[in-house]
Amino acid sequence: MRYHSTRDAALTASAGEAILRGLAPDGGLYVPESLPAVGDDTLARWRGLAYPALAAEILALFLTDYDPAFLREAAAAAYGAAFGGKAGLVEKVHEGLYALELWHGPTCAFKDYALQLMPRLLVQAKAMLHRTETTRILVATSGDTGKAALAGYADLPGIDIAVFYPDAGTSEIQRLQMATQRGENVAVYAVKGNFDDAQTGVKRVFADADAAAELEARGIRLSSANSINWGRLVPQIVYYFHAYFRMAERGAVAWGEPVDVCVPTGNFGDILAGWYAKKMGLPLGRLLCASNKNNVLSDFISTGTYDARRRFYKTASPSMDILISSNLERLLYHACGDTARVAGWLAELGADGCYTVDGDTLAAIRADFACGWADDAAAAAELRARFEADGYLADPHTAVALRVAARQKGAAPMLVLSTASPCKFPRDVLAALGAVPPDSDFDAMAALERLTGTQAPPSLAALRKAPVRFAGSIDPAAIRAAALR
Ligand SMILES: *Cc1c(COP(=O)(O)O)cnc(C)c1O
């Protein structure tokens, strides 16, 4: 399987090269040249596979330059003990509504599915391509990505990682998840300011030719753990298949009949993986893109105009607070099949903050996607309703999708992707349930356990006593020096 840029079909790469580079040389994203078709026989065989084995089969269809035995080992290491046997767990919310709980991994958010595997793919790509430099991963994070990347890259050979998070922008639990990270090759910095300050500082380092030259002289090359990397997208296709099989097994859907899915969306990576699964032959119905008040994507799917010139809202679902949704570029390419047109739209977005696709492209997108959005109050009301009526406890991101799913439920059974543990956001979840949250996240977590009878994931509860390795904070101006350390 070969890949090429969304903006120029002549810029091709193997899977290993695409994973090593992240972005194509022209700034486009790598897309597969064709999609593997999965027939009924294969689907029937895959139903019986455990999560790691299923992952190895699907990865092998896309990562054809990797040894299948390596992929089996990597998938077993990524999705075995680290997920405590709960990789791809599907829970019933109520009749016709199911939740795919993607937060049973080491950092309690769905990004573990990509970031437990992609680092192994990167190390292997370097070996296959005979690269000997040290890879330095720089991450600016508002929370979930930073911890998931730290956990994925810690102590891997030939790689080090520096994470920058806003000192006033994460929950106490998210901060401690990062500040207590173990590993010899990790560094974590709190940056005085908000997420933009951290992100702008890191982007500057990536664009700084002098910094690159200085690092090159020391045998270090920069890379990012961003969700535009194909190595982050491909592992996410797996759980759609796994979830469909589990729903069929419990009689929630008749084999071969469609399931609608609803995904809390930010950078459009998670839901796009569902589209790939559908195009490969999995019987999925509508893909519902659920946005929070930063509803640039649901406006786009409704109107065909992507307009990023709007107010940015800080919401209770911070991992969806995004105005430039990078992975949408891949869907644009697949919907129109024309790299020149995609390059044109992205150029307009860069210059004017806005573009409008043609009618055929919009129709192709709307053949698979529907959309909706919910503000914090609507999501909180849904969170409370699902707990009180169904005994199902969701986090604030998942609550956005539950709200959209409730409004748009059709005849087909609905699967909502549950993307974070409610215990990661205990104060907001308590408030949604009508309780007055205590100031400390840990007190709030204990109160949430008492009120709901749930048990906090041990990795979160253990943070209270874990030694802090990275204390203090730096000015945004010091990000460059930290990145070059
Ligand atoms: C990252 C994230 C999302 C959004 O996923 P995208 O792939 O960026 O659309 C939703 N919920 C949680 C908890 C996340 O961490």
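Atoms within each ligand, like the ligands themselves, are counted from 1 in listed order.
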Participant: Quick one: do the Asn327 and Arg330 side chains pair a donor with an acceptor below 3.5 Å?
Facilitator: yes
Participant: Any heavy atom of Phe110 closer to ligand 1 than 4.0 angstrom?
Facilitator: yes
Participant: Just which atoms of ligand 1 are under 4.0 Å from any heavy atom in Ala420?
Facilitator: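 That gives atoms 13 (C) of ligand 1.
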Participant: Strictly under 4.0 Å, does any heavy atom of Pro264 approach an atom of ligand 1?
Facilitator: yes
Participant: Short list, please: which atoms of ligand 1 are under 4.0 Å from a heavy atom of Thr419?
Facilitator: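 Counting from 1, the qualifying ligand atoms are 10 (C), 11 (N), 12 (C), 13 (C).
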Participant: If we only count N/O pairs under 3.5 Å, is Asn267 in contact with ligand 1?
Facilitator: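 Yes; at least one N/O pair falls below 3.5 Å.
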Participant: Please list, in number order, the atoms of ligand 1 under 4.0 Å from a heavy atom of Gly266.
Facilitator: 4 (C), 6 (P), 8 (O), 9 (O)
Participant: Which atoms from ligand 1 have a heavy atom of Asp144 less than 4.0 Å away?
Facilitator: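 Near Asp144, meaning under 4.0 Å from one of its heavy atoms, ligand 1 has 13 (C), 14 (C), 15 (O).
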Participant: Could you check whether atom CD of Glu33 has more than 12 heavy atoms from other residues, nucleotides or ligands sitting under 6.0 Å from it?
Facilitator: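 Enclosed: over 12 neighbouring heavy atoms sit under 6.0 Å from CD of Glu33.
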Participant: Hey, looking at atom 2 (C) of ligand 1, which of Lys147, Lys424, Lys111, Gln236 has the closest heavy atom?
Facilitator: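 Of the listed residues, Lys111 has the closest heavy atom.
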Participant: Would you call Glu172 and Arg427 a salt bridge, taking side-chain N to carboxylate O under 4.0 Å as the test?
Facilitator: no
Participant: For ligand 1, which is the ligand I care about here, please tell me if His397 has any N or O atom under 3.5 Å from one of the ligand's N or O atoms.
Facilitator: no
Participant: Using the six-membered ring wherever Trp is involved, compare the ring planes of Tyr113 and Phe83 and label them parallel, tilted or perpendicular (cut-offs 30° and 60°).
Facilitator: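 Judged by the thresholds at 30° and 60°, the geometry between Tyr113 and Phe83 is tilted.
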Participant: Working to the nearest 0.5 angstrom, can you tell me the gap between Ile173 CD1 and Phe442 CZ?
Facilitator: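 If we round to the nearest 0.5 Å, Ile173:CD1 and Phe442:CZ are 5.0 Å apart.
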Participant: Can you give me the closest heavy-atom contact between Ser459 and Cys108, atom names plus distance?
Facilitator: OG-SG, 3.6 Å
Participant: Check each atom of ligand 1 against the heavy atoms of Thr265 and keep those under 4.0 Å away; list them by number with element.
Facilitator: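 Numbered from 1, ligand 1 contributes 9 (O).
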Participant: Only one of Trp275, Phe300, Phe369 clears ring pair (Phe, Tyr, Trp, His ring centres under 6.0 Å) with Phe268; which?
Facilitator: Phe369
Participant: Report yes if Ile322 has an N/O atom closer than 3.5 Å to an N/O atom of ligand 1; otherwise report no.
Facilitator: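 Ile322 vs ligand 1: no N/O contact under 3.5 Å.
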Participant: Are Asp167 and Lys192 within salt-bridge range, i.e. N to O under 4.0 Å?
Facilitator: no
Participant: Relative to the heavy atoms of Asp270, which atoms of ligand 1 are at a distance of less than 4.0 Å?
Facilitator: 7 (O)
